[in-house]
Amino acid sequence: MAFTLPDLPYSFDALEPHIDTRTMEIHHDKHHKGYVDKLNAAVEGTKFTDMEITELLKNIDNVPKDKIQAVINNGGGHANHSLFWEIMSKDGGREPSGQLAEAINAKFGNFENFKEQFSNVAATRFGSGWAWLVINNGQLEIRSTPNQESPLMDNQIPILGLDVWEHAYYLKYQNKRPEYIAAFFNIINWKKVEELFDESKNL
Ligand code: MN
């Protein structure tokens with residue numbers, strides 16, 4: 001079984017005006033597809049083709065030396081984007097609720113503090129990468145990764161991720177990454193993030 005490009009859970013224009021249609025088309029159909037195709041090429045004929053992408057990344061140390069960088073780049077790219085599409089929605093925004101809200105308040109004081117810290121990490125990631133809200137040893141944590149590295153490779157569970165590669169925002173926002181980050185908060189699908197948070201307790 002080869003890895004496959006998941007469909008977006010909404011139409012290309014669903015996240016307008018926060019993320020524009022053309023960016024979504026190129027980002028999903030060209031960039032994400034490229035990661036999937038290159039991942040498949042890297043692992044063709046190996047046992048890794050039958051693994052869930054999350055399992056493959058959690059066990060990245062088992063990948064042979066000659067393939068590991070291709071799997072980090074493209075397997076990470078596949079997993080990161082698959083999560084990214086899911087945690088956005090045209091009906092998103094506002095604030096989390098339930099146990100996730102309680103955990104955010106306990107860790108960061110309140111939602112506004114969380115938002116400020118996450119936005120700052122996303123804005124100051126130098127070059128290409130991602131900002132994350134992860135669960136690390138049962139604790140919420142904000143962090144970033146360079147390029148397409150995934151927190152799964154550090155045995156952390158990502159429940160919210162923001163792509164800060166220029167390809168994610170340049171058409172609409174050019175060099176104004178902070179405006180893109182602010183817009184992202186209008187479309188976060190907190191229901192989905194809450195689901196991932198709740199599921200993480202059973203992993
Ligand atoms: Mn991307």
Can you tell me if [X] uses its side chain to pair, donor with acceptor, with the backbone of [Y] under 3.5 Å?
X	Y	result
E194	S97	yes
D20	T23	yes
N113	G109	no
Y10	W85	yes
N40	F3	yes

If you compare all heavy atoms of [X] against all heavy atoms of [Y], which two are closest, and at what distance to 0.1 Å?
X	Y	answer
W130	H81	CZ2-CE1, 3.6 Å
S150	N80	CB-OD1, 3.7 Å
F48	P64	CE1-CD, 3.6 Å
K33	D29	CB-O, 3.2 Å
Q156	N136	NE2-ND2, 3.5 Å
W132	P158	CE3-CB, 3.7 Å

Taking the six-membered ring for Trp, are W190 and F111 closer than 6.0 Å centroid to centroid?
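Close enough - the centres of the two rings lie under 6.0 Å apart.
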is_close_aromatic(H27, H32), centroid dist under 6.0 Å:
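Between H27 and H32, the centre distance exceeds or equals 6.0 Å.
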Could you tell me whether D154 and R143 make a salt bridge, using a distance below 4.0 angstrom between a side-chain N and a carboxylate O?
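Yes, charged N to carboxylate O under 4.0 Å.
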Do the side chains of D50 and K47 get close enough for a salt bridge, i.e. N-O under 4.0 angstrom?
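Looking at D50 and K47, the cut-off is not met.
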Would you say the side-chain atoms of E44 and T49 include a donor-acceptor pair closer than 3.5 Å?
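Checked: E44/T49 side chains show no N/O donor-acceptor pair below 3.5 Å.
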Do the side-chain N and O atoms of Q69 and N73 include a donor-acceptor pair separated by under 3.5 angstrom?
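N73 and Q69 do have a side-chain donor-acceptor pair below 3.5 Å.
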Cluster link [X] to [Y], ILVMFWY, side chain under 4.5 Å:
X	Y	result
Y35	L83	yes
M24	L171	no
L56	I157	no
L5	F84	no
L152	L196	no

Spacing of [X] atom [atom1] and [Y] atom [atom2] [to the nearest 0.5 Å]:
X	Y	atom1	atom2	value
K115	I142	NZ	CD1	13.0 Å
K191	R94	NZ	CZ	9.0 Å
L57	E52	CG	CD	11.0 Å
E16	I187	CD	CD1	10.0 Å

Step by step, work out the side chain to side chain contact (heavy atoms under 4.5 Å, CB included) result for V71 and I60.
CA-CA 8 Å; V71 174; I60 191 72; 3.6 Å; yes
Any residue meeting ring pair (Phe, Tyr, Trp, His ring centres under 6.0 Å) with F108, in chain and number order, not counting sequence neighbours
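By the ring pair (Phe, Tyr, Trp, His ring centres under 6.0 Å) rule, F108 matches F114.
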A quick test of your reading: do over 12 heavy atoms of other residues, nucleotides or ligands sit less than 6.0 Å from [atom1] of [X]?
X	atom1	result
K38	NZ	no
D66	CG	yes
E116	CD	no

Taking the side chain as everything from C-beta on, heavy atoms only, tell me whether [X] gets closer than 4.5 Å to [Y].
X	Y	value
V43	L39	yes
Q148	N74	no
L100	L140	yes
L162	I87	no
S89	K192	no
R125	R177	yes
Y180	D163	yes
I72	E149	yes

Using the rule given for side chain to side chain contact (heavy atoms under 4.5 Å, CB included), can you reason through Q99 versus D198, listing the C-alpha separation, both sets of side-chain angles and the distance that settles it, and then say yes or no?
CA-CA 8 Å; Q99 292 188 341; D198 293 341; 3.8 Å; yes
Begin with the C-alpha distance, continue with both residues' side-chain angles, and end with the deciding distance and a verdict on side chain to side chain donor-acceptor pair (under 3.5 Å) for E166 and S128.
CA-CA 7 Å; E166 286 187 345; S128 297; over 6 Å; no
Dump the intermediate steps for side chain to side chain contact (heavy atoms under 4.5 Å, CB included) on F185 and S119, then the final yes or no.
CA-CA 9 Å; F185 273 87; S119 299; 3.5 Å; yes
